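What you see is a predicted model; the values in this text were computed from it and never measured.
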Amino acid sequence: MKHISVSAAVIFRTSPAGERSVFATQRGYGDWRGWWEFPGGKIEQGETPEFALVREIREELATEIRVGEKLGTVEYDYPNFHLTMHCFACEIISGRLELLEHENAAWLTAETLRSVKWLPADELILPAIEERL
């Protein structure tokens with residue numbers, strides 16, 4: 001079975017009122033179009049998961065991020081491949097999160113985190129995110 005390694009950015013923010021939220025994107029292409037995920041992408045040969053994440057967020061969202069603590073690694077078997085997804089807490093350094101590849105995006109709170117249709121692998125990291133919201 002094909003194996004794909006990716007990095008995912010779990011971008012947190014805190015509102016002036018103190019409410020924490022996390023950024024999620026909706027896929028605009030492929031077999032899983034319309035499903036929600038944390039932005040990121042494939043780790044290229046010779047890249048660290050952190051470097052790949054900075055590159056992918058720049059390419060997909062025209063935004064610079066700072067990669068923080070690792071929230072966990074998800075292993076998941078999709079029908080056609082095995083996915084290893086490294087998930088990191090991130091913060092925005094600069095940029096406006098422009099959707100260059102995604103159909104939609106949302107800032108989700110603890111109350112709304114499970115209101116979207118998550119990709120199966122992304123769903124597995126939600127408990128670690130709920131602890132931080």
Side-chain angles (χ1 to χ4, degrees):
M1 182 181 280
K2 184 176 173 183
H3 181 241
I4 299 174
S5 292
V6 302
S7 287
V10 182
I11 303 170
F12 289 98
R13 76 172 182 189
T14 304
S15 74
E19 184 176 58
R20 298 260 298 157
S21 58
V22 66
F23 187 73
T25 53
Q26 187 178 32
R27 289 179 74 91
Y29 55 89
D31 294 342
W32 298 89
R33 182 179 182 169
W35 292 62
W36 289 76
E37 66 183 349
F38 294 102
K42 290 182 186 170
I43 301 168
E44 302 294 342
Q45 184 85 25
E47 287 183 328
T48 64
E50 296 87 347
F51 183 87
L53 197 49
V54 169
R55 177 185 51 75
E56 286 284 347
I57 299 304
R58 186 181 303 130
E59 291 173 1
E60 292 181 9
L61 299 166
T63 299
E64 296 295 324
I65 59 165
R66 178 177 295 112
V67 178
E69 74 172 302
K70 189 171 195 175
L71 300 176
T73 299
V74 171
E75 301 284 345
Y76 189 83
D77 286 323
Y78 281 98
N80 300 325
F81 62 93
H82 177 80
L83 180 75
T84 299
M85 182 172 67
H86 305 279
C87 303
F88 294 89
C90 298
E91 63 180 326
I92 296 170
I93 298 172
S94 65
R96 295 186 6 252
L97 296 170
E98 296 176 46
L99 299 182
L100 303 177
E101 294 184 15
H102 296 92
E103 193 168 291
N104 200 357
W107 286 98
L108 303 172
T109 63
E111 293 76 28
T112 61
L113 185 63
R114 294 184 181 267
S115 68
V116 299
K117 187 176 182 181
W118 288 101
L119 284 169
D122 290 71
E123 193 166 5
L124 297 176
I125 198 68
L126 295 182
I129 293 165
E130 287 171 320
E131 291 176 13
R132 290 159 174 83
L133 284 177

Straight-line distance of Glu123 CD to Arg114 CZ, nearest 0.5 Å: 6.0 Å
Aromatic plane relationship, Trp32 with Tyr78 - under 30° parallel, 30 to 60° tilted, over 60° perpendicular: perpendicular
Check against side-chain contact (heavy atoms from CB on, under 4.5 Å), Ile11 and Thr63: CA-CA 11 Å; Ile11 303 170; Thr63 299; 6.0 Å; no
Residue pair Ile57 / Gly40: nearest heavy atoms and the distance that separates them: CD1-N, 4.0 Å
Ile4 vs Lys42, side-chain contact (heavy atoms from CB on, under 4.5 Å): CA-CA, chis, key distance, verdict: CA-CA 7 Å; Ile4 299 174; Lys42 290 182 186 170; 4.0 Å; yes
Cluster overlap Phe38 with Val67, hydrophobic side-chain contacts below 4.5 Å: no
Side-chain donor/acceptor of Arg20 to backbone N/O of Phe12, under 3.5 Å: no
Single-linkage hydrophobic cluster Leu108~Val74, side-chain heavy atoms < 4.5 angstrom: yes
Side chain to side chain, Glu60 and Thr25, heavy atoms closer than 4.5 Å: no
Check: Leu124 main-chain N/O paired with Trp118 side-chain donor or acceptor under 3.5 Å: no
Under 3.5 Å: donor-acceptor pair, side chain of Thr48, backbone of Phe51: yes
Atom of Gln26, atom of His102 and distance for their closest heavy-atom approach: O-CB, 3.4 Å
Separation between CG of Leu53 and CD1 of Ile65, rounded to the nearest 0.5 Å: 4.0 Å
same_hphob_cluster(Ile129, Val116) at 4.5 Å side-chain heavy-atom cutoff: yes
Show the atom names and distances, to 0.1 Å, of all donor-acceptor pairs under 3.5 Å that link a side chain in residues 81-91 to residues at least two apart or in another chain.
from: His82; atom 1: ND1; to: Asp77; atom 2: OD1; distance (Å): 2.5
from: His82; atom 1: NE2; to: Glu75; atom 2: OE1; distance (Å): 2.5
from: Thr84; atom 1: OG1; to: His3; atom 2: NE2; distance (Å): 2.7
from: Thr84; atom 1: OG1; to: Glu75; atom 2: OE1; distance (Å): 2.8
from: Thr84; atom 1: OG1; to: Glu75; atom 2: OE2; distance (Å): 3.3
from: His86; atom 1: ND1; to: Lys70; atom 2: NZ; distance (Å): 3.0
from: His86; atom 1: ND1; to: Thr73; atom 2: OG1; distance (Å): 3.3
from: Glu91; atom 1: OE2; to: Arg66; atom 2: NH1; distance (Å): 2.8

Check: Leu61 and Glu98 side chains under 4.5 Å, non-hydrogen atoms: no
Side-chain ion pair, Arg27 and Glu103, N-O less than 4.0 Å: no
Same apolar cluster (I L V M F W Y, side chains within < 4.5 Å links), Leu71/Val6: yes
Glu56 side chain reached by Glu47 side chain, heavy atoms, under 4.5 Å: no
Spacing of CH2 belonging to Trp35 relative to CG belonging to Asp122, to within rounding of 0.5 Å: 11.0 Å
Student check: side-chain heavy atoms of Ile92 and Phe23 closer than 4.5 Å: no
Flag, side chain of Ser7 to backbone of Pro49, donor-acceptor distance under 3.5 Å: yes
Test log, rule side-chain contact (heavy atoms from CB on, under 4.5 Å), inputs Glu19 and Glu111: CA-CA 11 Å; Glu19 184 176 58; Glu111 293 76 28; 4.3 Å; yes
Residues which pass side chain to side chain contact (heavy atoms under 4.5 Å, CB included) with Ser21, listed by chain and number, not counting sequence neighbours: Arg13, Trp107, Thr109
Cluster companions of Met1 among Ile, Leu, Val, Met, Phe, Trp, Tyr (side-chain spacing under 4.5 Å): none
Atom pair CD (Glu131) and CG (Leu126), whose distance is rounded to the nearest 0.5 Å: 11.5 Å
